[in-house]
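Contents: one structure, followed by commentary.
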Amino acid sequence: MQDRAAIVARLREIAQLLEIHGGNRYKARAFARGARAIEATREPLGKLIEEKRLIDIPGIGHALARQIEELYTTGRSELLESLQKGLPSAVVELSQIAGIGLHALRTLHEELGIGTLDDLRRAAEEGRLRTVKGFGEKKEKKLLESIEKYEHYEAKRPSILLAEGLSLADSLIDELSVLPDVDSVTTVGSLRRGMELSADVDLLVVSKHPKEAIAAVAKSPRAARVERTDDESCRLRLPDGTRVDVNACTPRDEGRMRIVTTGPKTHLDALGDLSRTKSHDEEGIYRELGWPYVPPEAREAAVLGESYDDLVTEDDVRGFTHCHSTWSDGRHTIEQMARAAEKRGASFITITDHSAAAHYAGGLDVERLKRQWDEIDEVQERVKIRILKGTEADILADGAIDWPDRVLERLDVVIASIHARFRQDEEKMTQRLLRAMRVPVFKIWGHPLGRLVRSRPPIPCRVEEVLDALAASPGGGAIEINGDPHRLDLEPKWVRAARERELPFVLSVDAHSMPELGNVRYATLLARRAGVRKAEVLNARSATAFAKAVKPSARGGRRAA
Ligand SMILES: [Zn+2]
Ligand SMILES: [Zn+2]
């Protein structure tokens, strides 16, 4: 099995099954981490295996390396097979149904041959469950309700992270585009619009024979089951329950279908009737309708008639900002980070490790910061990329920034972020941020509202007031658009509010390892959703211009005593 995506999928399945079996949770997490690590490596797996270098990848130990080798060379995994033994094929999805445990699933598989959610629903509807020991009529009815609830609510809830969804879509595209009658496959829907969470993966297949193409897609071995299918579309479920909607169209209908399947509805309503358009591509259709083209990410809040030609692109970004190293909680050294950034074509990188208050993350004190500067100076002599000396300083509970003024002045870049005391009430939090924004040095407000896409709501504060304070601050400042796929912070509506105040932006990677420099992709998508133009992005400028714009002491004359 030489397909990286397929190996990653198997590793994830092993992690999920270990979790369901309830044995060693540490081991389950190790497999999940290993899957992510393999996904993030850029080198061919074959080469890594041949040169015995899998174990050099952080997060991959000897046991995991052996599993990956086994999958790669034999296409199978004894561990996976032993975990699946005696269980329904869709065990991962089935175990998400309330009221049914592993033991019950095993019995149902043994006695009724239940493999999928469909099998389970049918058995319950036909009253066959009650014939199994341990199940009665009452339990059968309850289970049917749970299945309904799962299908109507849980399975439709947007829960696919942007980064995971895009990589899943890529691997499905690789697999589906080689099928007979399939000319091309592309991602559409909310993933194409760069939404932080999606309920499903939407794909568009272009084919001279859409019906035959759909028939081929419906037989894909990746699908655990096909929920429905007709001449132009089908809905698949992957083994983990992820829904994949596939539409097919002819080449002459491609432009219209790309617009329709990308959505969102509000934008389609604004565009009006597309049925009489003749163009085969999206740009042509917008032209026919008399509007400038709107890129997919901007469609959610598009103003028809406005030009989006100068929206910031990933290629515009010339410097990686917000990078951690082994000096705090990063996995790679300053030199490794700098060389990785250089390889990606950047002209500068900011090393911004944590400040002392973030002791749990190895935050630096003044002494260590100075030693870090020495190391940066040494590395700078060996690399071409410009390395800026920075900090990600904590905004303390009272709004002070976690460095003495004399240190702030000597730094090249200051990112100011909240990492602790998230639970202050709105008033306290607003005052804390107002004070931080008013500090008379230039600061970049890091992951501003501290939200985590799946698990932490934005901090409570009066955002517009804080933005006003930053805009009026004697030191000045910029807003970070954080591309960590779990953060994606600040949200588009607040980015728009910052744009109204003419605040500049920094598209940051918040990288704790070399692969995470790739987060620039997600930061860019988020910025484009909010309509951010290239001219508004500080790290789309040259190294010199960026350094000048963000220099903390640049407004020295107006510094408070
Ligand atoms: Zn941070
Ligand atoms: Zn950080």
Side-chain angles (χ1 to χ4, degrees), residues 58 163 317 319-334 336-338 340-341 348-364 368-369 372 376 387-397 399-403 408 411-424 429 432-433 436-437 439 443-459 461 466 477-491 494 505-523 526 538-539 550:
V317 178
F320 289 104
T321 60
H322 197 155
C323 298
H324 296 276
S325 74
T326 45
W327 281 86
S328 68
D329 58 350
R331 289 213 316 254
H332 294 115
T333 62
I334 291 171
Q336 285 175 313
M337 293 299 283
F348 64 94
I349 180 172
T350 77
I351 297 295
T352 47
D353 277 305
H354 290 285
S355 65
H359 49 86
Y360 50 86
L364 280 65
R368 287 183 66 222
L369 185 71
Q372 186 186 48
I376 290 177
I387 311 173
L388 297 174
K389 295 169 183 153
T391 179
E392 182 183 12
D394 267 50
I395 297 175
L396 302 175
I401 290 180
D402 189 22
W403 288 109
L408 286 177
L411 284 157
D412 296 325
V413 188
V414 174
I415 297 173
S417 313
I418 287 184
H419 289 118
R421 307 287 295 273
F422 286 102
R423 277 158 206 264
Q424 289 178 329
M429 192 60 94
R432 175 184 185 182
L433 284 166
M437 296 305 131
V439 170
K443 63 287 199 199
I444 298 163
W445 186 13
H447 44 75
L449 296 187
R451 69 116 168 223
L452 295 176
V453 174
R454 272 180 182 152
S455 53
R456 191 165 66 207
I459 51 175
C461 71
V466 178
I479 303 287
E480 172 177 274
I481 297 180
N482 189 301
D484 175 337
H486 298 277
R487 292 190 178 277
L488 298 178
D489 185 11
L490 203 55
E491 293 167 82
W494 296 127
F505 299 92
V506 169
L507 306 196
S508 91
V509 287
D510 203 349
H512 291 74
S513 67
M514 298 188 287
E516 284 174 13
L517 294 174
N519 288 348
V520 64
R521 179 183 183 190
Y522 313 120
L526 187 56
L538 296 179
N539 56 331
V550 304

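Numbering of ligands and ligand atoms starts at 1, following listing order.
Looking only at atom types and distance, the side chain of W403 has no donor-acceptor partner in the side chain of S355 under 3.5 Å away. In this structure, a donor-acceptor pair under 3.5 Å is absent between the side chains of H324 and E516. For the residue pair H447/E480, the side-chain donor-acceptor check at 3.5 Å is not satisfied.
Checked against side chain to side chain donor-acceptor pair (under 3.5 Å), D353 has the following partners two or more places apart in sequence or in another chain: S325, S328, Q372.
Remark: of the listed residues L388, I444, N539, D412, L388 is the sole one forming a side-chain contact (heavy atoms from CB on, under 4.5 Å) with T350. Partner N482 forms a side chain to side chain donor-acceptor pair (under 3.5 Å) with one of D510, D489, N519 and no other, that one being D510.
The atom of H419 nearest to the Zn ion (ligand 1) is NE2, with the search restricted to N, O or S atoms.
By the criterion of a separation under 2.8 Å, the protein N/O/S atoms near the Zn ion (ligand 2) amount to H322 NE2, H324 NE2, E392 OE1, D510 OD1.
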